[in-house]
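Protein chains get the first letters and strands the later ones, always in sequence-line order, with residue 1 at the start of each.
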Protein chains: 2
Amino acid sequence: MLGMSSVTAAAAPVDSGLVRAAGRAVAQVDFESAVVDFFVEAADLLGVPKSVAAIYGVVFASPVPVSFADIAVRVNFSKGSVSQGLRILREMGALKEVSIEADRAELFTPDLELRQLMQRFIEQRLQRQLDSGRVRLAGLKKTAAAFPGPAQKELLQRVKKLQQWHDKARALLPMAKTFLKLSGR
Amino acid sequence: MLGMSSVTAAAAPVDSGLVRAAGRAVAQVDFESAVVDFFVEAADLLGVPKSVAAIYGVVFASPVPVSFADIAVRVNFSKGSVSQGLRILREMGALKEVSIEADRAELFTPDLELRQLMQRFIEQRLQRQLDSGRVRLAGLKKTAAAFPGPAQKELLQRVKKLQQWHDKARALLPMAKTFLKLSGR
DNA sequence: CGCTGACTTCATTTTGAATTGAACAAAGTC
DNA sequence: GACTTTGTTCAATTCAAAATGAAGTCAGCG
């Protein structure tokens, strides 16, 4: 329980103890661990709980579709967490469900159309934030304008600056979207 | 204590109860509240604790430099939190310290060179993340290559896709930096 | 229809990050 | 040099988000 800051220590192996081996080949477990670590590390930035990232990692790391039970065993989470995590991932469109005929259990495989995932991420997390910020900034400007005395000018100035940056960020998003679209696949 | 999700409810006033009035003009308190709310809402995305965002909000909203004590009163945090928050903000270069001669107390004012703040944000939070991810991905590829059987091909494929997106994101950062630099001020 | 297996839901618990506050500097003041 | 004022540090606490697990739902089976 060394308080390892995941940001400062660049690329130090995390091994959150998340991936349980269970009579599987070493190579497979190793690979899974590494993939899970990769996604878990990105979780915070992407705005998903680490457990969800771990589940996605397990699915992503398996060459064959995995079942609910597989996941629960491998990440060693409770059924409840797995269910919850899978719901989030389905809502994000991060998984494909593969119905194997002769079996009742649903199987999961990563949706490798990462482009959509990226797009959703941008729209949900960034666009939303910026839009809400825009409304707030408009309000801010009004409030500043109601400010008495000579300080008003300074405050309006500050708000304006904020707005300029906000606008820049907003202008950047469509560019990013376009850029990421290019040379797709 | 209505569990208001700050994400879903676009631009609903948050009023975290953070800003305490204290015989100040209504306009001033109103403005401060709005500014604090603005920064607090952005806190998560920017990767700072909300308390820190609130402190910055108070400093930003004040037309005159504010003291340590001012801040503590207005956000109603403990001295410890204010001290901690100010340290973070100083490290980020978000504040300027104004030493008023005849008084012992240090005063704070926002550093309005937001450009540097943005740049630091990009470098610290995004660049770091991406760099660490790059290292991890390289490892991943190796591990995948050690994978036995016909599944190897599929896994290498997946890792490659991941890498492509990662590279795109990395390519985007310098562009963003440049873009944000343009038409500065 | 009663059972079983495969999830889902949600009230409770856990955990880890944010926050407090009391003890500790440091820098004047008288 | 005792005292006050201003701020820092860090162990202990609080609190909200995440995780659990027991009870519930639903679909197929015999």
Side-chain angles (χ1 to χ4, degrees), chain A residues 1-8 14 16-18 20 39-40 43-44 46-56 58-59 65-91 95 97-108, chain B residues 1-8 14 16-18 20 39-40 43-44 46-56 58-59 65-91 95 97-108:
Chain A
M1 210 168 282
L2 308 165
M4 157 183 300
S5 156
S6 52
V7 178
T8 25
V14 162
S16 22
L18 279 172
R20 320 240 44 216
F39 286 113
V40 166
D44 191 40
L46 300 176
V48 297
K50 296 191 181 199
S51 66
V52 172
I55 292 173
Y56 184 70
V58 165
V59 176
V66 290
S67 70
F68 186 103
D70 290 337
I71 295 171
V73 171
R74 297 190 192 170
V75 294
N76 193 31
F77 292 162
S78 69
K79 275 198 297 178
S81 288
V82 173
S83 175
Q84 183 67 10
L86 283 175
R87 182 155 68 77
I88 291 174
L89 288 170
R90 260 178 279 164
E91 282 170 8
L95 300 179
E97 305 181 30
V98 183
S99 269
I100 287 295
E101 350 67 41
D103 210 344
R104 54 300 216 73
E106 203 86 37
L107 297 184
F108 301 92
Chain B
M1 207 165 281
L2 307 165
M4 157 184 296
S5 156
S6 53
V7 177
T8 25
V14 161
S16 20
L18 280 173
R20 321 241 43 216
F39 286 114
V40 165
D44 190 40
L46 300 176
V48 298
K50 298 193 180 201
S51 66
V52 173
I55 292 173
Y56 185 70
V58 165
V59 177
V66 291
S67 71
F68 186 103
D70 289 337
I71 295 171
V73 170
R74 295 189 192 168
V75 295
N76 194 29
F77 291 162
S78 68
K79 275 199 299 177
S81 287
V82 173
S83 176
Q84 182 67 9
L86 282 176
R87 183 157 67 77
I88 291 174
L89 288 170
R90 260 178 278 163
E91 282 170 8
L95 300 179
E97 306 182 29
V98 183
S99 268
I100 286 294
E101 348 67 43
D103 208 344
R104 55 293 212 87
E106 202 86 39
L107 297 184
F108 301 92

Integer-rounded Å distance: dT6(D) P and Asp70(B) CG: 11 Å

Nearest listed nucleotide, side chain of Glu106(A), among dG7(D), dT8(D), dC7(C): dC7(C)

Length of the CZ-P vector between Phe68(B) and dT9(D), whole Å: 11 Å

Interatomic distance, Ile71(B) CD1 vs dT8(D) P [rounded to whole Å]: 11 Å

Closest heavy-atom pair and its distance - Arg74(B), Val58(B): CD-CG1, 4.1 Å

Short side-chain donor-acceptor distance under 3.5 Å, Ser99(A) and Glu106(A): yes

Nearest-0.5 Å distance, CG of residue Leu95(B) to CD1 of residue Ile88(B): 11.5 Å

Straight-line distance of Ile55(A) CD1 to Lys50(A) NZ, nearest 0.5 Å: 15.0 Å

All side-chain hydrogen bond (donor to acceptor under 3.5 Å, both in side chains) counterparts of Arg90(A), not counting sequence neighbours: none

Whole angstrom value for the distance that separates C1' of dA18(D) from CZ of Phe77(A): 10 Å

Integer-rounded Å distance: dT13(C) C1' and Gln84(A) CD: 16 Å

Spacing of Arg90(A) atom CZ relative to dC7(C) atom C1', expressed in whole Å: 9 Å

Closest to the Pro49(B) side chain, choosing from dT20(D), dT8(C), dT19(C): dT19(C)

Rounded distance in Å - CG (Leu95(B)) to P (dG7(D)): 13 Å

Out of dT20(C), dT8(D), dT20(D), whichever nucleotide has its closest atom nearest the side chain of Ser81(A): dT20(D)

Nucleotide dC7(C), atom P - distance to CD1 of Ile55(A) in whole Å: 13 Å

Nucleotide of dT20(D), dT8(D), dC7(C) approaching Lys79(A) most closely (side-chain heavy atoms): dC7(C)

Sugar-phosphate only, base, or nothing, as touched by Ser51(A) at under 4.0 Å among non-hydrogen atoms: sugar-phosphate

Nearest-neighbour nucleotide for the Ser78(A) side chain, dT20(D), dT20(C), dG7(D) considered: dT20(D)

